[in-house]
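Have a look at the structure below, then the notes.
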Amino acid sequence: MGVSGLLVNLGLYIILTRMFHFKPAFSSPVAIETSIISNFSLNHLWTFKKRHNEQRLIKKLTNFHIVAGIAGLSNYAVFLLLINYFGLYDIIANLTGIAFGTLINYFCNSLWTWRETKSANPDDSPV
């Protein structure tokens, strides 16, 4: 999912900044939020679909969004630091922020949002 999130984030960032001429400080959080929603959908439907978890979809989305929000804020902070204080080219700064946020996002969501729970039903246990 990291690659798809990267493509959504970077692609939307480039569209907003290059085609619509929005400022990077606005475009980055919009791209981050869009990639968060995209990543949740793909993780739910594909990556973690076999993990049994009794949480409702809205609870998973909330948990995912809390973790992804922390990762997104980290992404944005790294991005702003690199473009404002180090003068790094915005695309490289965005990629660096994305990489940092992706690591936080994956590990925290794997351990919290889609953690596997034991089933109380003995019929669900593997034979």
Side-chain angles (χ1 to χ4, degrees):
M1 292 307 105
V3 172
S4 68
L6 172 111
L7 294 175
V8 169
N9 187 324
L10 187 59
L12 185 56
Y13 177 81
I14 290 170
I15 289 168
L16 292 174
T17 56
R18 298 331 191 252
M19 291 178 64
F20 294 104
H21 306 288
F22 289 130
K23 293 184 182 289
F26 169 80
S27 300
S28 178
V30 170
I32 290 168
E33 180 61 25
T34 304
S35 69
I36 287 171
I37 293 167
S38 171
N39 279 349
F40 174 80
S41 300
L42 292 173
N43 278 320
H44 181 71
L45 295 172
W46 189 54
T47 306
F48 298 112
K49 74 177 180 179
K50 291 185 180 182
R51 288 198 184 178
H52 297 288
N53 185 311
E54 295 177 11
Q55 290 180 5
R56 293 180 176 251
L57 183 63
I58 192 70
K59 177 70 171 167
K60 285 181 184 176
L61 177 60
T62 301
N63 290 351
F64 184 87
H65 223 104
I66 290 168
V67 172
I70 293 166
L73 288 172
S74 300
N75 176 341
Y76 189 55
V78 167
F79 170 76
L80 290 176
L81 179 74
L82 293 175
I83 63 170
N84 291 327
Y85 294 101
F86 293 98
L88 195 62
Y89 181 62
D90 68 326
I91 301 293
I92 301 299
N94 195 23
L95 284 169
T96 305
I98 291 168
F100 191 76
T102 298
L103 291 173
I104 293 170
N105 194 25
Y106 176 78
F107 287 112
C108 292
N109 274 304
S110 181
L111 295 171
W112 187 38
T113 307
W114 278 282
R115 73 184 174 279
E116 195 161 12
T117 57
K118 302 285 184 206
S119 175
N121 185 350
D123 293 335
D124 289 342
S125 60
V127 179

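The hydrophobic cluster around Phe22 extends to Leu12, Ile15, Leu16, Met19, Phe20, Phe26, Val30, counting ILVMFWY residues whose side-chain heavy atoms fall within less than 4.5 Å of a member.
Smallest separation of non-hydrogen atoms from Val78 and Phe100: CG2-CD2, 3.9 Å. Of all heavy-atom pairs between Pro24 and Pro29, the closest is O-CD, 4.4 Å. Between Ile83 and Asp90 the shortest heavy-atom distance is CG2-CA, 3.8 Å.
A heavy-atom distance below 4.5 Å is found between the side chains of Thr62 and Ile66.
For residues 95-110, there are no salt bridge (charged side-chain N to carboxylate O under 4.0 Å, His left out) pairs, not counting sequence neighbours. Applying the salt bridge (charged side-chain N to carboxylate O under 4.0 Å, His left out) definition to pairs two or more places apart or across chains, none involves residues 65-88. Under the salt bridge (charged side-chain N to carboxylate O under 4.0 Å, His left out) criterion, no residue pair touches residues 65-74, with sequence neighbours excluded. Among residues at least two apart or in separate chains, there is no salt bridge (charged side-chain N to carboxylate O under 4.0 Å, His left out) pair with a member in residues 61-88.
Among the candidates Thr102, Asn94, Ile70, Ile36, the single residue satisfying the side-chain contact (heavy atoms from CB on, under 4.5 Å) test with Asn75 is Asn94.
A search for side chain to side chain contact (heavy atoms under 4.5 Å, CB included) contacts involving Tyr89 returns Arg18, Ile91, Ile92, not counting sequence neighbours. Checked against side chain to side chain contact (heavy atoms under 4.5 Å, CB included), Ala25 has the following partners two or more places apart in sequence or in another chain: Tyr76, Leu80. Legend: residues meeting side chain to side chain contact (heavy atoms under 4.5 Å, CB included) with Ser35, ordered by chain and number and at least two apart, are Val8, Asn9. Partners of Leu81 under the side chain to side chain contact (heavy atoms under 4.5 Å, CB included) rule, at least two apart in sequence or in another chain, are Tyr85, Phe86.
In this structure, Phe79 is a member of the same hydrophobic cluster as Leu7, with clusters built from ILVMFWY side-chain heavy atoms closer than 4.5 Å. Ile37 and Val67 are not part of a single hydrophobic cluster, where members link through side-chain heavy atoms under 4.5 Å apart.
Rounding to the nearest 0.5 Å places CD1 of Ile32 at 7.5 Å from CD1 of Ile98.
Under the 3.5 Å distance criterion, the side-chain polar atoms of Thr17 are matched with a main-chain donor or acceptor of Tyr13.
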